[in-house]
Amino acid sequence: MVSTSPPLADALAAGPVVLDGGLSNQLEADGHDLGDALWSARLLAEEPEAVVRAHLAYYEAGAQVAITSSYQATFEGFARRGIGEERAAELLGRSVELAREAARRASAGGVAGPLYVAASAGPYGAMLADGSEYRGRYGLSVDELERFHRPRLEALAAARPDVLALETVPDAEEARALLRAVRGLGVPAYLSYSVAGDRTRAGQPLAEAFAVAAGADEVIAVGVNCCAPDDADRAVPLAARVTGKPVVVYPNSGESWDAGARAWCGEAAFRADRVAAWAADGARLIGGCCRVGPDAITALAAGLGR
């Protein structure tokens with residue numbers, strides 16, 4: 001099923017569009033154990049219907065864009081599980097097909113469209129599954145990172161998503177590699193950094209990191225995700241000013257992970273009343289990341305008048 005909706009870039013030009021929330025927390029709420037190096041990508045082969053249900057929950061909650069379960073899906077990661085290249089490419093394409101199926105069911109159930117699919121491509125560190133996705137600086141060159149990302153992006157693009165989600169990128173150098181890797185694929189992309197304060201996780205000033213995408217014709221939005229809501233408040237106007245592009249923003253709940261206790265702690269700071277300010281500052285693709293569930297997306301959509 002190929003989308004027949006107006007291009008996402010046109011929708012962003014017309015006003016804010018609602019992204020979904022954290023796919024992993026929705027899958028876990030449905031009883032699925034994601035304690036695996038492949039994370040939610042494991043379910044692409046083992047329980048694809050679970051992925052459809054999770055996407056559907058967000059469409060029904062008011063999301064207009066679903067981000068696929070391919071964040072941690074790579075040829076290298078699948079190979080470690082004995083999954084060959086051809087099957088891995090099929091699973092990457094399936095991630096888009098499952099989100100499309102959820103959109104079809106949502107539409108059949110009365111959810112107003114258009115509904116879009118963003119094919120997730122996480123950073124190199126997500127494949128390593130060792131936390132380095134939040135540090136960047138893997139000791140690889142831009143050329144090496146481009147060679148890593150290109151085959152996966154080709155497989156995702158072949159499934160014809162509405163946009164490629166280059167997300168949770170910790171390092172401006174990896175962003176350069178990703179932007180080179182998406183050239184010529186025929187699918188637009190958005191670039192979203194993981195940040196701490198006013199810097200990327202690798203330590204570069206955000207203004208410099210955002211500038212990497214300013215002249216990239218393939219990129220329809222630039223911004224941040226998987227960060228604290230307070231960091232999003234500061235990043236949105238900066239991204240808009242530096243790039244002149246629509247801004248994408250989907251922070252975490254604001255809680256923090258206690259690795260020792262293996263539990264989330266602290267207060268949630270993600271509130272629907274923040275979104276009007278983000279939209280006023282240039283945000284056009286707005287949702288939530290870790291620990292932001294369907295109820296929060298419903299409130300967010302209402303705050304945007306959706």
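Predicted model only: the values in this text are computed from it and were never measured. One is the number of the first residue; the rest follow in order along the sequence.
- Annotation: the span from L92 atom CG to L44 atom CG amounts to 7.5 Å, rounded to 0.5 Å.
- When atom types are taken as modelled, the side chain of S253 and the backbone of F270 share no donor-acceptor pair closer than 3.5 angstrom.
- Between D217 and R183, no side-chain nitrogen of the basic residue sits less than 4.0 Å from a carboxylate oxygen of the acidic one, so the salt-bridge criterion is not met.
- Between the CG atom of L285 and the CG atom of L19 there is a distance of 3.5 Å, given to the nearest 0.5 Å.
- With no hydrogens or angles considered, no side-chain donor-acceptor pair links Y193 and Q204 at under 3.5 Å.
- When the options Y124, Y71, Y138 are evaluated for a side-chain hydrogen bond (donor to acceptor under 3.5 Å, both in side chains) with E133, the one that passes is Y71.
- Looking at E174 and H149, their side chains do bring a donor and an acceptor atom within 3.5 Å of each other.
- In this structure, D198 does not pair ionically with R234, as no charged nitrogen and carboxylate oxygen lie closer than 4.0 Å.
- Residues E167 and Y250 have side chains that bring a donor and an acceptor to within less than 3.5 angstrom of each other.
- Look at E97 and R94 and you find no salt bridge, because none of the NZ, NE, NH1 or NH2 atoms lies under 4.0 Å from a carboxylate O.
- A donor-acceptor pair under 3.5 Å links the side-chain atoms of N225 to the main chain of T168, judged by distance alone.
- Looking only at distances, no side-chain donor or acceptor of Y59 sits under 3.5 Å from a matching main-chain atom of D20.
- The CG atom of L115 sits 4.5 Å away from atom OG of S107, with the distance rounded to the nearest 0.5 Å.
- A salt bridge between R241 and D281 is absent, with no side-chain N of the basic residue lying under 4.0 Å from a carboxylate O of the acidic one.
- Note on R80 versus E76: no salt bridge recorded, every NZ/NE/NH1/NH2 to OD/OE distance being 4.0 Å or above.
- Remark: side-chain polar atoms of D162 are not paired, donor with acceptor, to backbone N or O of A118 under 3.5 angstrom.
- The side-chain contact (heavy atoms from CB on, under 4.5 Å) test with K245 singles out one residue from V219, L12, L191, and that residue is V219.
- Here CZ of R284 is found 13.5 Å from CD1 of I220. Values are rounded to the nearest 0.5 Å.
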